[in-house]
**Student:** 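Structure incoming, see below.
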Amino acid sequence: MRTTRAEEPSGETWDQRRATASAPCRVVVCRDCCCGTAKVIGVDHAAQTERLRAEVPVRISACLDVCEQANVVVVQPSAAARAAGARPVWLGLVNDPDATEDIAAWVRAGGPGVAPLPEILDLYTFTPPRRRVTS
């Protein structure tokens with residue numbers, strides 16, 4: 001559960017904007033064995049998560065099996081953008097506040113399928129390996 005609510009310059013929180021907005025893109029942050037731990041030195045993981053939560057809904061995930069890319073952030077398109085063909089964007093090595101701010105600005109603009117990926121974030125994108133499905 002969120003303990004703080006960041007405000008926009010307009011004074012609105014995400015919760016207030018949510019009441020009138022269509023479903024926005026969403027963010028998943030890995031916070032398990034490598035991501036979100038002291039193994040990634042110098043990152044304020046809580047501040048990173050709260051900064052993203054100020055813009056869009058954020059889900060905390062267990063290990064996404066891409067530990068070599070820690071800290072991993074996945075930006076999922078809005079339902080409308082997904083229906084139009086947008087795909088999730090995986091970002092790795094998101095280990096500095098400037099990268100977090102770039103992601104926050106992109107998701108505020110609409111994220112995948114709505115706003116173009118800023119060139120600087122292209123440096124962080126990667127294609128995750130396909131997971132094996134065991135039956």
Side-chain angles (χ1 to χ4, degrees):
M1 183 171 171
R2 188 173 356 171
T3 58
T4 61
R5 292 196 170 110
E7 292 187 2
E8 281 288 303
S10 67
E12 290 184 310
T13 64
W14 156 243
D15 292 330
Q16 292 165 330
R17 290 190 319 265
R18 176 175 49 186
T20 58
S22 60
C25 64
R26 298 179 180 276
V27 170
V28 176
V29 292
C30 186
R31 292 290 185 258
D32 198 21
C33 61
C34 294
C35 300
T37 70
K39 290 181 184 179
V40 182
I41 299 168
V43 177
D44 184 340
H45 304 288
Q48 182 183 60
T49 301
E50 285 305 311
R51 177 63 187 103
L52 295 170
R53 277 188 172 147
E55 301 299 337
V56 294
V58 173
R59 183 172 65 87
I60 305 298
S61 174
C63 186
L64 294 171
D65 296 328
V66 286
C67 295
E68 68 280 0
Q69 296 287 334
N71 274 333
V72 174
V73 174
V74 182
V75 182
Q76 299 175 326
S78 66
R82 182 69 182 226
R87 305 295 298 166
V89 175
W90 288 63
L91 304 164
L93 304 173
V94 182
N95 298 325
D96 64 79
D98 289 340
T100 302
E101 286 303 317
D102 292 332
I103 296 167
W106 182 45
V107 299
R108 184 175 46 250
V114 175
L117 180 72
E119 284 186 33
I120 191 70
L121 289 181
D122 199 37
L123 298 171
Y124 297 91
T125 62
F126 71 97
T127 302
R130 295 205 177 249
R131 290 187 178 186
R132 290 187 204 156
V133 179
T134 56
S135 39

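What you see is a predicted model; the values in this text were computed from it and never measured. Residue numbers count from 1 along this sequence.
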**Student:** Counting only heavy atoms not in Glu119, do more than 12 sit closer than 6.0 Å to its CD atom?
**Tutor:**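 For Glu119, atom CD is not crowded (no more than 12 foreign heavy atoms under 6.0 Å).
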**Student:** If you link ILVMFWY side chains whenever their heavy atoms are less than 4.5 Å apart, which other residues fall into the same cluster as Val43? By chain and number, please.
**Tutor:**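 Noted: Val43 shares its cluster with Val40.
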**Student:** If I take atom CG from residue Leu91 and atom CD1 from residue Ile103, how far apart are they, to the nearest 0.5 angstrom?
**Tutor:**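 Rounded to the nearest 0.5 Å, the CG-CD1 separation comes out at 5.0 Å.
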**Student:** Indicate every side-chain donor-acceptor pair of residues 75-82 with a distance under 3.5 Å to a residue at least two apart or in another chain.
**Tutor:**
unit_1: Ser78; atom_1: OG; unit_2: Ala81; atom_2: N; d: 3.1

**Student:** On a heavy-atom basis, which atom in Val94 and which in Gln48 lie closest, and how many Å separate them?
**Tutor:**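 Closest heavy-atom pair between Val94 and Gln48: O-NE2, 3.0 Å.
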**Student:** Of all residues at least two apart in sequence or in a different chain, which pass the side-chain contact (heavy atoms from CB on, under 4.5 Å) check with Ile60?
**Tutor:**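 Here the qualifying residues are Val29, Arg31, Thr49, Arg53, Val58.
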**Student:** Among Ile, Leu, Val, Met, Phe, Trp and Tyr joined by side-chain contacts under 4.5 Å, find the other residues sharing a cluster with Val114 and list them by chain and number.
**Tutor:**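 Traced through the cluster, Val114 reaches no other member.
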**Student:** Check Val73, Val66, Thr127 against Trp90 for a side-chain contact (heavy atoms from CB on, under 4.5 Å) and give me the one that passes.
**Tutor:**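 So, applying the side-chain contact (heavy atoms from CB on, under 4.5 Å) to Trp90 and each of Val73, Val66, Thr127, only Val66 qualifies.
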**Student:** Is there side-chain contact between Pro24 and Pro57, with at least one heavy-atom pair below 4.5 Å?
**Tutor:**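 In short, these two side chains touch, coming nearer than 4.5 Å.
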**Student:** Test of understanding: with side-chain hydrogen bond (donor to acceptor under 3.5 Å, both in side chains), list the residues that count as partners of Asp96, not counting sequence neighbours.
**Tutor:**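 Partners of Asp96 by the side-chain hydrogen bond (donor to acceptor under 3.5 Å, both in side chains) criterion, ordered by chain and then number, come out as Tyr124.
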**Student:** Does Phe126 reach the side chain of Leu93, with side-chain heavy atoms less than 4.5 Å apart?
**Tutor:**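 No, every pair of side-chain atoms sits at 4.5 Å or beyond.
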**Student:** Please list all pairs meeting side-chain hydrogen bond (donor to acceptor under 3.5 Å, both in side chains) that have one or both residues in residues 34-45, counting only residues at least two apart or in different chains.
**Tutor:**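 Listed once each, the pairs are His45-Asn71.
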**Student:** Run the numbers on Val74 and Val89 for side-chain contact (heavy atoms from CB on, under 4.5 Å), then give the verdict.
**Tutor:** CA-CA 6 Å; Val74 182; Val89 175; over 6 Å; no
**Student:** Work out which heavy atom in Cys25 is nearest to a heavy atom in Gly111; give both atom names and the distance.
**Tutor:**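 Looking at all heavy atoms of both residues, the closest pair is SG-CA, 4.1 Å.
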**Student:** Quick check for you: to the nearest 0.5 Å, what is the distance between Arg59 atom CZ and Cys30 atom SG?
**Tutor:**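 Here the interatomic distance stands at 10.0 Å.
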**Student:** Evaluate the side-chain proximity of Trp106 to Pro112: yes if any heavy-atom separation is below 4.5 Å, no if none is.
**Tutor:**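 The answer is yes, as the side chains (C-beta and beyond) meet within the 4.5 Å cut-off.
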**Student:** Between atom CD of Glu55 and atom CD of Glu101, what is the distance when rounded to the nearest 0.5 Å?
**Tutor:**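 Here the rounded value is 8.0 Å.
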**Student:** Please report the interatomic distance CG(Asp65) to SG(Cys33), rounded to the nearest 0.5 Å.
**Tutor:**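 The SG atom of Cys33 is 8.0 Å from CG of Asp65, to the nearest 0.5 Å.
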**Student:** Any side-chain heavy-atom pair from Asp32 and Ser61 closer than 4.5 angstrom?
**Tutor:**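 They are not in contact (no side-chain heavy atoms under 4.5 Å apart), so the answer is no.
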